[in-house]
Amino acid sequence: MAQEKRLVEEITPMAVDFAQWYTDICKKADLIDYSSVKGCMIIRPYGYAIWEHMQRILDTRFKELGHENVYMPLFIPESLLNKEKEHVEGFAPEVAWVTRGGSEELTEPLCVRPTSETLFCEHYANIIRSWRDLPKLYNQWCSVVRWEKTTRPFLRSREFLWQEGHTMHATAEEAIAETLQMLNVYAEFHEKVLAIPVVKGRKTDSDKFAGAEATYAIEALMHDGKSLQAGTSHYFGDGFARAFDIQYADKENKLVYPHQTSWGCTTRMIGGIIMTHGDDSGLVLPPAVAPIQVVVIPVAMHKPGVVEKATEIADRLRAAGIRVKVDVSDNSAGWKYAEYEMKGVPVRLELGPRDIEAGQCVLVTRHNREKAVVSLDGVEAAAKEKLEAVYNGMFERALANRQAHTYDCRSAEEIIAALEAHGDGFVRAMWCGEEACEDEIKARTGVSSRCIPFEQEHIADTCVCCGKPALHLVYWAKAY
RNA sequence: CGGGAUGUGGCGCAGCUGGUAGCGCGCAUGCUUUGGGAGCAUGAUGCCGCAGGUUCAAGUCCUGUCAUCCCGACCA
C-alpha cells in the first residue's frame, strides 16, 4: 500500500518536531543549503528570488520616501568601531576580525561590519557642514556578520543579508518622525505584502540597540507561539554625532549636532514567512513575493494538444502580469501537486483534456487547498482573484492564530497557567518599568518582554511582577 | 559558551563481540503510464564528516576537530 510506503515523507509534521519541520521546509522547498562554515547558508535560487521580491518592494518604498542607496565598506577599523562606547560594548562579543592581509599582520585589526553606524558616521562627519546638507537619507543593501553561537537558517546566521537605513536630521522631532515612519513602512510591508500581522512598539531599555536612545520594533507571532522580531528602527538622538564629531552650522551660524536614526530588516523575514504561514505540506508563500505565483500543471500531458494549451494559458497569464511557470517535466501530475505545495506556490492551475474540451481549468489555492473550476475565458481575472484570496486567507488565518494565542495576565501565576493551558503565545501584562521585574518574569515564566506596544490598554493597575503601580502594557513572549 | 543527540552513495537509514560496505527512495536509460508523490526492466553513484592514534586489519575502538539538530545563556 502507498500508505505504508509513506511516499510523502519529505517534511516532518509540525506537531512532531517544530524545529525539524522548519529545517525541512528550508531544505525541501529549495530555499537554502548549508555551507562548510557554521552559520553561513547558501541561499538557493528559489529562496533568493523571494528575497529579491522583498528587496524590490521595500527599495521602491524607501525611494518614494526620499532615501538614496549607497555602499559602505565591509571593514571597520578597530579604532572606528570603538568610538561609541555603548555601541562597541554591545557588538564586540559577536564581531569577526581580520588580523592578517596576505602574509602580513595588520597594524590595526579590521572588524567585519556587524552593522554600519560607525561607517556612516565617519562619512557623515565629512559631508555634513551646513543645515542645507540635511537631512541625509541613506540606505544600503548588504550583508553583515555577527559571530552567533547558535545558528539557524534565516533566523540566526553568522552572515545575513539586510538593508540598513542611516539618516541624519536637523532636529530631534524630525529624526523621531523618521524612526517611526520607517517602523510603519516595515509594519505595512509585513501586513500588506507578507500577510504577517505585527505588533508595533518600543523596546524596553534592556532590549535596546547598542547606542540607541530608543529602539522600536515589530513583533510577529509564529506557529509555535514564539515571537519573531521582524524589523527594527532606532532613534539615536545626537549620541553618535557627539562621539563622531558630526556638526553643522545652523541658520543662525551656530555649530550644532544633528539627530540620527537607523533601521533595518533582514532575510530573517523569510523565516517569518515559513513559521507564520507554512503547514505540514510545506511552504505557503504570500503572492506578492512568490517567485512563482501560478504554476500550470498539464494533466495527461501525452494527449495531443494538452501541453500546447497549457503553454498558451501560461503565456496569457504572464501577459497579464502574473509570474507563471508551466511544468512540462515528465513527473506525474500528483508528484507536481506535492512538489509545488512544498514550495508554497500560491495558486495551481490544473489543465487536462477534459478541461480543454469543456473550456475550463481547475484553480487550487495553496493555503486552503480549495479547488475551483473556472472558464478559460477570463482565466487571467480568475487567477488574480485567487491570488488576492490567498493573501486575504493567509492574513486572516495568521491574525486568528495570534488572537487565539494572546493572553491578558495579571500575575506570574496567570502567565504560567495561560501558557500551560493554551500553549506559548503573546502575553499581555502590565509593567512598572523596572528591569528587575522584567528579569524576574523571564526567570519565573520563560517569557521576556517583546515590546511596549503603541496601542496601550490599561488591563490592570499594578505591575504583573512586583505589584507596584504599572506604567505600561507590555507584550511578553518566548522569542527567537 | 555549557548540557544532550547525530554525521555511512543525492535523501532516509542498516551495518552485532574490528575481517575488502548494504537496503529503500531518488538519479540515468527504455517501454508502459499520467485528474493527488505511477509500474516493470536495466544501470550508475561511497576518501563511512575531517585529522590523528591503537591494530596484521578500523565504518566499527580511542583522541581531537568540524558541522547539523535539541535544551539553556547571548542575539536581527
Side-chain angles (χ1 to χ4, degrees), chain A residues 2-12 17-24 26-28 32-41 90-95 114-115 143-164 186 203 206-207 209-210 215 217-220 227-234 262-272 281-282 297-303 306-307 327-342 348 350-356 361-362 364 369 371 373 442-443 446 448 478-480:
Chain A
Q3 256 178 337
E4 274 170 19
K5 283 170 82 179
R6 275 306 306 270
L7 291 170
V8 185
E9 215 167 6
E10 306 271 358
I11 297 173
T12 307
D17 184 341
F18 188 83
Q20 191 59 50
W21 167 84
Y22 176 82
T23 307
D24 284 350
C26 287
K27 290 289 299 267
K28 304 289 166 56
I32 64 124
D33 203 355
Y34 292 108
S35 76
S36 51
V37 178
K38 177 182 166 70
C40 296
M41 61 179 173
F91 279 101
E94 51 183 19
V95 159
T115 178
S143 73
V144 290
V145 169
R146 298 180 187 179
W147 216 250
E148 301 289 351
K149 288 159 185 166
T150 304
T151 60
R152 297 192 68 191
F154 296 118
L155 299 176
R156 174 151 295 105
S157 46
R158 284 184 173 169
E159 181 185 12
F160 57 90
L161 302 179
W162 78 345
Q163 59 69 217
E164 47 179 331
Y186 291 153
K203 287 282 179 184
S206 64
D207 217 6
F209 180 84
T215 288
I218 52 174
E219 297 278 336
S227 181
L228 185 75
Q229 182 176 316
T232 51
S233 189
H234 315 288
S262 81
W263 27 274
C265 65
T266 78
T267 37
R268 173 182 260 196
M269 290 187 289
I270 297 174
S281 300
I297 311 285
V299 175
M301 259 169 44
H302 60 294
K303 301 252 170 84
V306 174
V307 170
D327 188 344
V328 294
S329 70
D330 63 359
N331 293 304
S332 72
W335 186 91
K336 290 174 188 173
Y337 298 165
E339 177 67 11
Y340 292 101
E341 282 176 9
M342 195 147 70
R348 176 173 78 233
E350 304 173 7
L351 183 75
R354 295 204 294 268
D355 295 314
I356 295 171
C361 66
V362 178
V364 187
R369 280 205 187 72
K371 295 193 178 192
V373 176
K442 172 143 197 215
S448 57
K478 290 177 186 165
Y480 272 97

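Residue numbering restarts at 1 for every chain, and letters A, B, ... go by the order of the sequence lines.
Lys442(A) comes within 4.0 angstrom of the backbone, heavy atoms only, and of no base. Among the protein residues, Glu350(A) comes within range of the nucleic acid bases, having at least one heavy atom under 4.0 Å from a base atom. Within the 4.0 angstrom heavy-atom criterion, base atoms lie near Phe154(A). Note on Leu155(A): a base of the nucleic acid sits closer than 4.0 angstrom, heavy atoms only.
Trp335(A) meets the ring pair (Phe, Tyr, Trp, His ring centres under 6.0 Å) test with no other residue; sequence neighbours excluded. Every residue was checked against the ring pair (Phe, Tyr, Trp, His ring centres under 6.0 Å) condition with Tyr337(A), not counting sequence neighbours, and none meets it. For Phe91(A), the ring pair (Phe, Tyr, Trp, His ring centres under 6.0 Å) criterion is met by His87(A), Phe209(A), not counting sequence neighbours. In this structure, the side chain to side chain contact (heavy atoms under 4.5 Å, CB included) partners of Ser35(A), at least two apart in sequence or on a different chain, are Val37(A), Cys40(A), Ile42(A). For Tyr186(A), there are no ring pair (Phe, Tyr, Trp, His ring centres under 6.0 Å) partners two or more places apart in sequence or in a different chain. The side chain to side chain contact (heavy atoms under 4.5 Å, CB included) check on Ile356(A) picks up Val306(A), Lys309(A), Leu351(A), with sequence neighbours excluded. For Asn331(A), the side-chain hydrogen bond (donor to acceptor under 3.5 Å, both in side chains) criterion is met by Ser329(A), not counting sequence neighbours. Annotation: side chain to side chain contact (heavy atoms under 4.5 Å, CB included) contacts of Ser281(A) (sequence neighbours excluded): Asp279(A), Glu341(A), Arg366(A), Arg369(A). Residues passing the side chain to side chain contact (heavy atoms under 4.5 Å, CB included) test with Lys203(A), sequence neighbours excluded: Asp207(A), Thr215(A), Ala217(A), Glu219(A), Gln229(A), Arg450(A).
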Mind listing the N/O atom pairs, protein and nucleotides 40-44 of chain B, below 3.5 Å?
none

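By the 5.5 angstrom centroid cut-off and the 30-degree plane limit, His302(A) is classified as not stacked against the base of U33(B).
Put simply, CG on Asp327(A) is 14 Å from P on G35(B), counting in whole angstrom units.
Across U34(B), G36(B), C1(B), the shortest atom-to-atom separation from the side chain of Lys149(A) is found for C1(B).
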(message) Using a 4.0 Å heavy-atom cut-off to protein, can you give one letter per nucleotide of nucleotides 63-69 of chain B, 5' to 3': B if the base is in contact, S if only the sugar-phosphate is, - if neither?
(response) ----SSS

(request) Toss me the dot-bracket line for RNA chain B: Watson-Crick and G-U wobble, both under 3.5 Å, 5' to 3', using | for pairs to another strand and [ ] for crossers. (result) (((((((..((((.....[..)))).((((((.....)))))).....(((((..]....))))))))))))....

